[in-house]
Amino acid sequence: MSIEEAEAEQERLRPLVDLDDPGPERVEFVAGLDVGYGGDDEVTGAVVVLRSGTLEVVDQVAVRQRAGFPYVPGLFAFRELPPLLAAMDRLSVRPDLLVCDGYGLAHPRRFGLACHLGVLTGLPTIGVAKTAFVGRHDDPPAARGSWSPILLDGEVVGRALRTREGVKPVFVSQGHRVSLDNACSHVLRLSPDFRLPEPIRAADRLSRS
DNA sequence: GCGACAG
DNA sequence: ATCTTGTCGC
């Protein structure tokens, strides 16, 4: 698939994103997703499902395969989606919410990895990135839980959210079928001890093993 | 044109 | 992402 075809695919799928659904009533299982990189252009898609209340791991799958697309900013999903979908297919527990390592709405074409994964699976998704990629934002106050909006072309596309006092914020954006307010509530609830949400930390560890 | 650019 | 020494701040 070429760069042009990938961009056209994003434009085609973007209208299918649901940004109005506030999110699931009850979240019993949350999945974290991440991709690790090996030597010979290999990628490992990792998905870890945690019980939402206790954060205990209830299921996990890692799939290693050849990368089918280069890393291109803005087309991140075309590199990471295949191994992630392969791992999702082998899950025995169906998650109620997906926490993705990367952006959702906060994307040049408003269709980051979290949106793409949401549309393809139909599941509620949120995007959590470690660095700023698009838009502008102020540094939020130092207290845990404080945030400031990420603005792109005058629109709010996400939030810089402080998950630990005095530590660099994470960048949260809507993926699919979850409001921005609820996405941030979930991220805070899932990050009791560290900067990143526990499901993402678990998936990150798995993707490296 | 130049620099920046999720992982 | 990953590799990877030295350096900075608390």
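So that the names make sense, note that chain A is the first sequence line, chain B the second, and so on, each numbered from 1.
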Exercise for the section: Taking the side chain as every heavy atom from C-beta outward, state whether P199(A) and L190(A) have any atom pair closer than 4.5 Å. Expected result: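 Result yes, sub-4.5 Å side-chain heavy-atom pair found.
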
Side-chain polar contacts of residues 79-94 of chain A - donor-acceptor pairs under 3.5 angstrom, sequence neighbours left out - could you list them?
unit_1	atom_1	unit_2	atom_2	d
R79(A)	NH1	F69(A)	O	2.6
E80(A)	OE2	Y37(A)	OH	2.7
S92(A)	OG	D59(A)	OD2	3.0

[X] [atom1] to [N] [atom2]: how many Å, rounded?
{"X": "R136(A)", "N": "dC5(B)", "atom1": "CZ", "atom2": "P", "answer": "14 Å"}
{"X": "H137(A)", "N": "dA6(B)", "atom1": "NE2", "atom2": "P", "answer": "12 Å"}
{"X": "F171(A)", "N": "dC5(B)", "atom1": "CZ", "atom2": "C1'", "answer": "14 Å"}
{"X": "L81(A)", "N": "dG7(B)", "atom1": "CG", "atom2": "P", "answer": "16 Å"}
{"X": "Y103(A)", "N": "dA6(B)", "atom1": "OH", "atom2": "P", "answer": "8 Å"}
{"X": "L152(A)", "N": "dA4(B)", "atom1": "CG", "atom2": "C1'", "answer": "14 Å"}
{"X": "R159(A)", "N": "dA6(B)", "atom1": "CZ", "atom2": "C1'", "answer": "20 Å"}
{"X": "L33(A)", "N": "dG7(B)", "atom1": "CG", "atom2": "C1'", "answer": "14 Å"}

Practice task
Taking all non-hydrogen atoms of both residues into account, name the closest pair between C100(A) and L113(A) and its distance.
Solution key: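 Smallest heavy-atom distance, with atoms named: CB-CD2, 4.4 Å.
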
Handout entry: Least distance between heavy atoms, D20(A) atom then D18(A) atom
Key =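 Heavy-atom minimum between the residues: N-OD1, 2.9 Å.
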
Handout entry: Salt bridge D34(A)-R205(A), side-chain N to carboxylate O under 4.0 Å
Key =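 No.
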
Practice task
Determine, for R51(A) against E28(A), whether the closest basic-nitrogen to carboxylate-oxygen distance falls under 4.0 angstrom.
Solution key: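 Yes, this pair counts.
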
Exercise for the section: Using side-chain contact (heavy atoms from CB on, under 4.5 Å) as the criterion, point out the one residue from V61(A), T44(A), V48(A) that pairs with L206(A). Expected result: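 That would be V48(A).
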
Exercise for the section: Treating a pair as Watson-Crick (purine N1 to pyrimidine N3 plus N6-O4 or O6-N4) or G-U wobble (N1-O2 and O6-N3) with both distances under 3.5 Å, list the stems of 3 or more consecutive pairs that involve DNA chain B. Expected result: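 As far as DNA chain B goes, consecutive pairing (with distances under 3.5 Å) yields no stem.
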
Practice task
Scan side-chain atoms only and decide if R189(A) and S52(A) contain a donor-acceptor pair under the 3.5 Å cut-off.
Solution key: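 Checked: R189(A)/S52(A) side chains pair up, N/O donor to acceptor below 3.5 Å.
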
Handout entry: Centroid distance under 5.5 Å and plane angle under 30°, Y71(A) vs dG7(B)
Key =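 By the stated criterion, Y71(A) and dG7(B) stack.
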
Exercise for the section: For residues F76(A) and H107(A), establish whether the separation of their ring centroids is below 6.0 Å. Expected result: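 That pair fails the under 6.0 Å test.
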
Does the side chain of [X] get closer than 4.0 angstrom to OP1 or OP2 of [N] through an N or O atom?
{"X": "K130(A)", "N": "dA6(B)", "answer": "no"}
{"X": "R208(A)", "N": "dT2(C)", "answer": "yes"}
{"X": "T131(A)", "N": "dG7(B)", "answer": "yes"}

Practice task
May I ask you to say what L75(A) touches in the nucleic acid, namely base, sugar-phosphate or nothing, with a heavy-atom cut-off under 4.0 Å?
Solution key: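 L75(A): base contact, heavy atoms under 4.0 Å.
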
Handout entry: Touch class at under 4.0 angstrom, heavy-atom based, for G74(A) against every strand present
Key =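 If one applies the 4.0 Å heavy-atom cut-off, G74(A) turns out to touch a base.
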
Handout entry: Neighbours of DNA chain B within residues 107-127 of chain A, by heavy-atom distance under 4.0 Å
Key =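 Residues of residues 107-127 of chain A that come under 4.0 Å of DNA chain B are, in numerical order, H107(A), G112(A), L113(A).
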
